[in-house]
Amino acid sequence: MWGFTGLQNKAPIPLQLFYFANSFKNMLAEKVEQMMEWSSRRSVIRMNGDKFRRFVKAPPRNYSVIVMFTALQPQRQCSVCRQANEEYQVLANSWRYSSAFSNKLFFTVVDYDEGADVFQQLNMNSAPTFMHFPAKGKPKRADTFDLQRIGFASEQLAKWIADRTDVQIRVFRPPNYSGTIALALLVSLVGGLLYLRRNNLEFIYNKTGWAMAALCVVFAMTSGQMWNHIRGPPYAHKNPQNGQVSYIHGSSQAQFVAESHIILLLNAAITMGMVLLNEAATSKGDVGKRRIICLVGLGLVVFFFSFLLSIFRSKYHGYPYSFLIK
């Protein structure tokens, strides 16, 4: 009797469980095959609400999905979305045509006008937004890319994906000959000018010209143009709830492109004021004219430096000093 009871306890797995496991496996294989087919056509898979829920949210899934939530339709007037989409396409193409490409990672996009229900389901009220949906489990806080702080350059996205999925993507950008062409045109222009003025090259020794060129370089560097080139931040930020546009980033760790332009103009205005003050002090012209130049220069320095200090305070919270403008 003891042996018979042991045999009873070791009954075979129910047939229904076997069918369920087989159906689960077939469903997963079908989803992977479909995703691979779409990826063979285009690097970024466009999804509506139904596709998103089936291939991204619903199990089974043994692959990770990067989703860009965006609003690319012209009526949305989202210039940042178009810029982010270009970087996203570069990254997806780099993955699609690399030797390491596999079915473990897919790039997708959900446009608001094609999947508004998805935005509502995720309580999402801004675009663009990048999210990682892992192969197992639900997305965590770190699975949402910090676009405002880091920017949306392909290299930064690739680093974030490597942290979340262990998939290393080497970014390959298509060749851009615009810089080479611009440099060739500049060299040709300078060469032609030197040839035409070959009998009179005194302008090369013009201190004012060299000073202006040096100031342009200084303004570009101190305003953060190099940071923009490396990080690729958005031009500005539009609040989707009230439509308010922000040109100054609220954090000291990031900036907008428009912000660097504003800083450049402020620095230029302050410099102009200093030049006028120096001119008023060193010139030997009419006293009344020199007094006017001095007042204008002083006004430029005081007002625009106050404005610059106000922007500094808004970014570095807790900075105690201000002047005229708070």
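Just so it is clear, the structure is predicted and the values come from calculations on it, not from any experiment.
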Looking at every non-hydrogen atom in both residues, tell me the closest pair between [X] and [Y] and how far apart they are.
{"X": "A127", "Y": "C78", "answer": "O-SG, 4.2 Å"}
{"X": "A158", "Y": "L91", "answer": "CB-CD1, 3.7 Å"}
{"X": "Q255", "Y": "S260", "answer": "NE2-CB, 3.9 Å"}
{"X": "M131", "Y": "T144", "answer": "CG-OG1, 3.8 Å"}
{"X": "L276", "Y": "G297", "answer": "CB-CA, 3.8 Å"}

Got [X] and [Y] here, is their nearest side-chain heavy-atom distance under 4.5 Å?
{"X": "F106", "Y": "W38", "value": "no"}
{"X": "F119", "Y": "V110", "value": "yes"}
{"X": "W95", "Y": "V167", "value": "yes"}

> Which of these passes ring pair (Phe, Tyr, Trp, His ring centres under 6.0 Å) with F130: F107, Y88, W160?
Replying inline: Y88
Could you see if [X] belongs to whatever hydrophobic cluster contains [Y]? Use Ile, Leu, Val, Met, Phe, Trp, Tyr and a side-chain cutoff under 4.5 Å.
{"X": "F133", "Y": "L105", "result": "yes"}
{"X": "I292", "Y": "L300", "result": "yes"}
{"X": "V302", "Y": "V296", "result": "yes"}
{"X": "I270", "Y": "V275", "result": "no"}
{"X": "I293", "Y": "L295", "result": "no"}

What is the distance from atom [atom1] of [X] to atom [atom2] of [Y], rounded to the nearest 0.5 Å?
{"X": "M47", "Y": "F52", "atom1": "CE", "atom2": "CZ", "answer": "8.5 Å"}
{"X": "L264", "Y": "H261", "atom1": "CG", "atom2": "NE2", "answer": "7.5 Å"}
{"X": "E33", "Y": "N26", "atom1": "CD", "atom2": "CG", "answer": "11.0 Å"}
{"X": "S154", "Y": "F172", "atom1": "OG", "atom2": "CZ", "answer": "12.5 Å"}
{"X": "N93", "Y": "R173", "atom1": "CG", "atom2": "CZ", "answer": "11.5 Å"}
{"X": "L157", "Y": "S94", "atom1": "CG", "atom2": "OG", "answer": "11.0 Å"}

Side-chain donor or acceptor of [X] paired with backbone N/O of [Y] under 3.5 Å:
{"X": "S310", "Y": "S306", "value": "no"}
{"X": "R96", "Y": "S39", "value": "yes"}
{"X": "E259", "Y": "H249", "value": "yes"}
{"X": "K31", "Y": "P60", "value": "yes"}
{"X": "S314", "Y": "I311", "value": "yes"}

Is it true that atom [atom1] of [X] has more than 12 heavy atoms of other residues, nucleotides or ligands lying nearer than 6.0 Å?
{"X": "F307", "atom1": "CZ", "answer": "no"}
{"X": "F101", "atom1": "CZ", "answer": "yes"}
{"X": "Q73", "atom1": "CD", "answer": "yes"}
{"X": "M226", "atom1": "CE", "answer": "no"}

> What side-chain hydrogen bond (donor to acceptor under 3.5 Å, both in side chains) pairs are there with at least one residue in residues 267-288, not counting sequence neighbours?
Replying inline: none
>> Suppose the criterion is side-chain hydrogen bond (donor to acceptor under 3.5 Å, both in side chains): which pairs have a residue in residues 97-119, not counting sequence neighbours?
In response: R46-E114, R53-D117, R76-D113
Residues forming a side-chain contact (heavy atoms from CB on, under 4.5 Å) with [X], sequence neighbours excluded:
{"X": "S188", "value": "none"}
{"X": "I181", "value": "Y177, L185"}
{"X": "A236", "value": "V245, Y247"}

> When you look at L298 and L277, which way does the side-chain contact (heavy atoms from CB on, under 4.5 Å) test go after all the steps?
Replying inline: CA-CA 7 Å; L298 184 62; L277 287 174; 4.2 Å; yes
Under 3.5 Å, side-chain donor or acceptor atoms of residues 62-72 against the rest of the protein: list the pairs with distances, not counting sequence neighbours.
residue	atom	partner	partner atom	Å
Y63	OH	F55	O	2.8
S64	OG	H132	NE2	3.4

> Is it true that R82 and E86 make a salt bridge, defined as a side-chain N closer than 4.0 Å to a carboxylate O?
Replying inline: no
> Given the rule in the salt bridge (charged side-chain N to carboxylate O under 4.0 Å, His left out) test, do E155 and K159 qualify, once you have shown the distances and angles that lead to the verdict?
Replying inline: CA-CA 6 Å; E155 291 77 9; K159 183 179 179 181; over 6 Å; no
> Should the ring pair F312 and Y316 be called parallel, tilted or perpendicular, given that the plane angle runs from 0 to 90° and is split at 30 and 60?
Replying inline: parallel
